[in-house]
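The shown structure was predicted, so the numbers you read here are calculated from the model rather than taken from an experiment. Naming convention: chains lettered A, B, ... in sequence-line order (proteins, then strands); numbering from 1 in each chain.
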There are 2 protein chains.
Amino acid sequence: MSVILKPKTATAEEIAVQLTEAIHAHRLQPGAKLREDEVGDVFQVSRTIVRQALHSLQHKGLVTILRNKGAFVAKPTLKEAREVFEARSLIEPAMARAAALRATAQDVAFLEAHMQAEQDALDREEVGEALRLSGDFHVQIARIADHTLIETLLGQLVARSALIIALYWRRRSALSDKASHMGLVNAFRDADADGAEEIMKGHLLDLLMQLDLRDSPSGPVSLKEALKK
Amino acid sequence: MSVILKPKTATAEEIAVQLTEAIHAHRLQPGAKLREDEVGDVFQVSRTIVRQALHSLQHKGLVTILRNKGAFVAKPTLKEAREVFEARSLIEPAMARAAALRATAQDVAFLEAHMQAEQDALDREEVGEALRLSGDFHVQIARIADHTLIETLLGQLVARSALIIALYWRRRSALSDKASHMGLVNAFRDADADGAEEIMKGHLLDLLMQLDLRDSPSGPVSLKEALKK
DNA sequence: TTGGGCCATATCGTATACAATCTGAGCCTA
DNA sequence: TAGGCTCAGATTGTATACGATATGGCCCAA
């Protein structure tokens, strides 16, 4: 928790955003406890506001709140992880198709700048920021498709994906989606709906393949936790 | 607001459920104001708890909270309404397919009982309850498909659909989904994945057709509201 | 009469006080 | 020494007090 920025007073929304970024950047690990007054001290607000932020993050699936226990950064199970990517596979190809039919020159330029920003972050070795931008790329596609509901939804799924990547990413392979993203941008430029849809399908499959979502238990668990119940 | 039941103390979750049911049953109309201490009086809890419930409903898209103005039952716009059904069309056929492959005899029996309960409600002329059950039928399919994430998601979309139906339903046609639901149950019994998927696709299209989602303005609006801004 | 400004009241927003609950250390006992 | 009990401290849960903001009525002036 001590790695959070902005020690000045903030709104619940701002706190939620900052916590989300910290989770995205893996500065807050899955399972980390978020004590209310600790967070409140950092942001200089009362627990009331912190509570709002934490509940909001719970609704988005980033935080788990246990009654009388507290709030923790969510630890998606294997099943939840698979479900997130299944849901994305149902939604995103259709968004890519719609975006291809609607994308303007500005949209294409925006996505290109977005990819450049991601590359810059990688060059600076800011892996967390690059991951965040990479996820946001997908949300931007829903925005271009002008589908507000799914844009919101996808924002939540992408945020959860960041947690999943933190837990299940096979470190041995590089998480590179540059080629797919480039392909999508090109398809948008050409208004190639079929192409965009296919690339997105393949891209999500690629992502899945780079995760270790086989039956292995959910990773290192403390003995104490493992023996509980 | 005076039509709500259970005047004894309750948790935020219970309040949210009761409000949801009231919205489903159209006892609370889109746009209705939900004053915090009024709700608190009804349920015999402090505003703290009411606030939790209202925020939770906001996240689910059933309530709109305007800062310093208060909470209102959401009034989905035409675009939002279309988006809800588009999202459902992306998700539910796949759920129907998965459910067909997984449904047990118990699941089929459960759905049959569910349909019977809906019919009973209709016979008792409890239209609101029948609508609620009809929506829940779809959520149950996601449960049978064993897809928890989408089950939750669909619960929200179905709840919003109830609002949309309240606003955009063409009264002239009967909102009958009995045939489609029956077809789905049969497909589940036969493990007919393709059939289930197709029926669900068509069923959602049917639903859309029975709504008036053309460009007409969002219905009766007070003059004052219309001239604002 | 009509338009604008002012104030009382209603209502929401936030902080804080207090109650309920959990946790873990220390102690006792078998 | 292992197991369980008790209690203090830490932490979350809820109610309430108080401040901020919006609303609507009233008065006054043009």
Side-chain angles (χ1 to χ4, degrees), chain A residues 1-2 4 6-19 28 31-59 62-75 221-229, chain B residues 1-2 4 6-19 28 31-59 62-75 221-229:
Chain A
M1 267 304 310
S2 54
I4 302 291
K6 267 202 185 173
K8 64 178 181 183
T9 166
T11 70
E13 187 58 31
E14 287 164 357
I15 293 173
V17 167
Q18 297 240 356
L19 288 177
L28 282 172
K33 173 147 197 186
L34 303 168
R35 238 172 294 118
E36 293 178 355
D37 40 14
E38 188 176 357
V39 178
D41 285 348
V42 172
F43 290 99
Q44 291 294 302
V45 294
S46 75
R47 284 173 50 215
T48 308
I49 309 296
V50 175
R51 243 149 188 284
Q52 288 177 26
L54 292 177
H55 276 108
S56 160
L57 291 175
Q58 181 183 37
H59 279 287
L62 283 188
V63 156
T64 302
I65 295 178
L66 301 173
R67 187 176 173 88
N68 286 319
K69 289 273 173 64
F72 304 82
V73 177
K75 261 201 241 187
V221 172
S222 75
L223 184 62
K224 188 178 162 196
E225 217 165 38
L227 298 181
K228 211 171 257 180
K229 185 179 50 161
Chain B
M1 266 309 308
S2 54
I4 301 290
K6 269 205 185 170
K8 65 177 178 182
T9 167
T11 69
E13 187 57 32
E14 286 164 359
I15 294 173
V17 168
Q18 298 240 355
L19 289 176
L28 282 173
K33 174 148 195 183
L34 303 167
R35 238 171 295 116
E36 294 179 353
D37 39 16
E38 190 177 357
V39 178
D41 285 349
V42 173
F43 290 99
Q44 293 293 302
V45 293
S46 76
R47 284 173 51 218
T48 308
I49 309 295
V50 175
R51 239 147 190 286
Q52 287 178 26
L54 292 176
H55 276 105
S56 159
L57 291 175
Q58 182 183 37
H59 279 286
L62 284 186
V63 156
T64 303
I65 295 178
L66 301 174
R67 187 178 173 87
N68 285 321
K69 289 271 172 66
F72 304 83
V73 177
K75 261 201 238 186
V221 173
S222 75
L223 184 63
K224 186 177 162 197
E225 216 165 41
L227 298 181
K228 211 168 261 181
K229 185 179 54 163

Separation of [X] atom [atom1] from [N] atom [atom2], in whole Å?
{"X": "A/L66", "N": "D/dA10", "atom1": "CG", "atom2": "P", "result": "22 Å"}
{"X": "B/R47", "N": "D/dT14", "atom1": "CZ", "atom2": "C1'", "result": "13 Å"}
{"X": "B/E13", "N": "D/dT14", "atom1": "CD", "atom2": "C1'", "result": "17 Å"}
{"X": "A/F72", "N": "D/dT11", "atom1": "CZ", "atom2": "C1'", "result": "11 Å"}
{"X": "B/K33", "N": "C/dT11", "atom1": "NZ", "atom2": "P", "result": "7 Å"}
{"X": "A/L34", "N": "D/dT11", "atom1": "CG", "atom2": "C1'", "result": "14 Å"}
{"X": "A/E36", "N": "C/dA20", "atom1": "CD", "atom2": "P", "result": "18 Å"}
{"X": "A/D37", "N": "C/dA15", "atom1": "CG", "atom2": "C1'", "result": "14 Å"}

Starting the side chain at C-beta, find the nucleotide from [options] nearest to [X].
{"X": "A/S46", "options": "D/dT12, C/dC12, C/dT16", "answer": "C/dT16"}
{"X": "B/K69", "options": "C/dC12, D/dT23, C/dT14", "answer": "D/dT23"}
{"X": "B/N68", "options": "D/dT12, D/dT14, C/dC12", "answer": "C/dC12"}

For A/Q52, all residues meeting side chain to side chain donor-acceptor pair (under 3.5 Å), sequence neighbours excluded: none
Apply side-chain contact (heavy atoms from CB on, under 4.5 Å) to the pair A/H59 and A/L57, showing each step before the final yes or no. CA-CA 5 Å; A/H59 279 287; A/L57 291 175; over 6 Å; no
Pair A/H55-B/H55, side-chain contact (heavy atoms from CB on, under 4.5 Å): steps then yes or no: CA-CA 9 Å; A/H55 276 108; B/H55 276 105; over 6 Å; no
Option passing side-chain contact (heavy atoms from CB on, under 4.5 Å) with B/L19 (candidates B/L62, B/V63, B/L28):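 It is B/L28; the other options fail the test.
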Let me see the working for B/L66 and B/F72 under side-chain contact (heavy atoms from CB on, under 4.5 Å), right down to the final yes or no. CA-CA 8 Å; B/L66 301 174; B/F72 304 83; 4.1 Å; yes
Scan B/R67 against the nucleic acid and name what it touches under 4.0 Å (heavy atoms): base, sugar-phosphate only, or nothing.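 The residue B/R67 makes sugar-phosphate contact but no base contact.
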Taking A/K33 for the side chain and A/K69 for the main chain, is one N or O donor matched with an acceptor at less than 3.5 Å? yes
Do side-chain atoms of A/E14 reach the backbone of A/T11 as a donor and acceptor pair under 3.5 angstrom? yes
List in numerical order all residues of residues 49-57 of chain B for which some heavy atom is under 4.0 Å away from an atom belonging to DNA chain C. B/R51
